[in-house]
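Read through the structure below, which is laid out as structure tokens, and then see the notes.
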Amino acid sequence: MERTLQHITSIAHLTRSDAEHIFHLARKFREDFHQGIHQHSLEQKVVVNAFFENSTRTKNSFEIAALRLGAKVVSFSSTGSSVAKGESLFDTLQTLDAMFPDVIVMRNSLSGSAEYATRYVGASILNAGDGKHEHPSQALLDALTLLDVYETLEGKCIGIVGDIVHSRVARSNVLLLRLLGAKVFVCGPQTLIPTDLSTWNVQTCTTVNELIEECDTVMALRIQKERMDAGLIGSAGEYRKFYGIQMEHIETKPSLYVMHPGPVNYGVEIDFDVANSHRSLIRKQVTNGVFIRMAMLSVLKGRE
Ligand code: ASP
């Protein structure tokens, strides 16, 4: 009997069998979708998509995922709501919860805000990104995309390059990739490497060239300007030279795959022709995002 979960706020709360169950459901939803089979399992449910921070992929894909399961979706963003008038996170959550939604999918710039929300609402909380803490659905869709290529991640070497310190994508990915048996390597400017990296159980590389030599797939991260003080990196050109993924990298290692959670800064962390080449998994990541989010919505218990 698979576990149902009250909330999903962190990969750290999932077991390997929870993750595998989510992959299994996501593959089933993908297969059914391609065969034209419709899902109705959330027909009587209401999902609130509460995005206090900007989003294109995650917001739309959670919305599409909920609709594909038959749920009703209400989308909330801080601009245009009473958050813009100064209403607190606590009051906003309590107000939304007083309308009895079944699930609140939440993105907020405060690290730990999703966990905080679980204390004050009866709805299930799905963390769609909390500051620089975690982004569980991104890690799950990334892992599903990798599993489509490799079948197992046991012993695979996966590299993450860029702004590690401000990245919730890196934190969730490291936890999940290690849970699935992969070896994780990280690389980035010293100013963007967390000071507690020794507790992450990852290996490090100094340049992207070294990382590519070591790894089967390399994931590039966006520089999180909105979460950083000025002066942590030099020019875009200098960054690209040491940490950007360029055409010559995929030419010299034809087995290499590249990933990026988006949005992409072309010519900084990854070049346009690399991101749009046959070695790029970026579009597959986006497509898998919908099926993973359908699976995540399906394993939730809903209102307590
Ligand atoms: N979309 C991802 C996130 O929300 C990555 C990024 O914004 O750089 O964390």
Side-chain angles (χ1 to χ4, degrees), residues 8-12 49-65 75-79 105-115 117 125-146 158-177 186-189 191-194 217-228 232-233 236 239-240 243-245 258-272 274-275 280-290 292-293 296:
I8 304 179
T9 58
S10 164
I11 294 292
N49 237 348
F51 277 66
F52 300 83
E53 230 192 27
N54 296 341
S55 173
T56 298
R57 277 150 280 263
T58 308
K59 185 166 186 271
N60 288 300
S61 109
F62 263 119
E63 191 158 334
I64 291 171
S75 280
F76 164 93
S77 57
S78 37
T79 43
V105 177
M106 175 176 154
R107 168 170 290 190
N108 192 281
S109 59
L110 287 174
S111 301
S113 49
E115 197 58 44
I125 293 287
L126 254 180
N127 182 7
D130 60 331
K132 54 186 185 175
H133 175 230
E134 278 222 39
H135 194 345
S137 64
Q138 181 70 47
L140 286 158
L141 74 89
D142 289 342
L144 178 67
T145 307
L146 285 166
I158 310 298
I160 307 179
V161 57
D163 184 356
I164 312 289
V165 73
H166 300 107
S167 176
R168 53 195 177 206
V169 175
R171 279 181 182 76
S172 289
N173 259 299
V174 166
L175 290 172
L176 185 60
L177 290 167
V186 301
C187 169
T191 47
L192 300 182
I193 296 290
T217 288
V218 170
M219 214 176 265
L221 299 175
R222 183 177 66 86
I223 294 172
Q224 308 279 297
K225 287 219 171 92
E226 70 274 34
R227 291 183 230 290
M228 79 169 55
L232 288 182
I233 51 161
Y239 182 91
R240 173 178 179 265
Y243 307 106
I245 308 181
V258 295
M259 300 174 85
H260 193 300
V264 175
N265 291 306
Y266 290 126
V268 184
E269 64 259 7
I270 191 166
D271 284 0
F272 179 88
V274 176
S280 166
L281 301 175
I282 296 174
R283 295 284 171 273
K284 293 199 168 87
Q285 289 173 266
V286 175
T287 302
N288 279 337
V290 172
I292 276 292
R293 289 171 175 126
M296 292 174 81

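As the structure lists them, so they are numbered: ligands from 1, and atoms in each ligand from 1.
Checked against side chain to side chain donor-acceptor pair (under 3.5 Å), S109 has no partners two or more places apart in sequence or in another chain. With sequence neighbours excluded, no residue satisfies side chain to side chain donor-acceptor pair (under 3.5 Å) with N108.
Heavy-atom distances between P263 and ligand 1 reach below 4.0 Å in at least one pair. Using a 4.0 angstrom heavy-atom cutoff, Q224 counts as in contact with ligand 1.
When each of L176, I158, N288, N173 is paired with L146, the side chain to side chain contact (heavy atoms under 4.5 Å, CB included) condition holds for I158 and for no other.
Among protein heavy atoms, atom 7 (O) of ligand 1 sits closest to R222 NH2, 3.0 Å.
A cation-pi arrangement is present between R293 and F62 under the rule of less than 6.0 angstrom and at most 45 degrees off the ring axis.
When heavy-atom distances to ligand 1 are checked against a 4.0 Å cut-off, L221 has no atom that comes that close, whether in backbone or side chain. The part of R107 lying near ligand 1 is the side chain, judged by heavy-atom distances below 4.0 Å.
Proximity of Q138 to S172: side-chain heavy atoms (C-beta onward) are nowhere separated by under 4.5 Å.
By the 3.5 Å distance cut-off applied to N or O atoms, G262 is counted among the residues near ligand 1. By the 3.5 Å distance cut-off applied to N or O atoms, R168 is counted among the residues near ligand 1.
Side-chain atoms of T58 never come within 3.5 Å of backbone atoms of S55 as a donor-acceptor pair (strictly under, hydrogens ignored).
Of all atoms in ligand 1, listed by their number and element, those nearer than 4.0 Å to a heavy atom of V169 are 2 (C), 5 (C), 9 (O).
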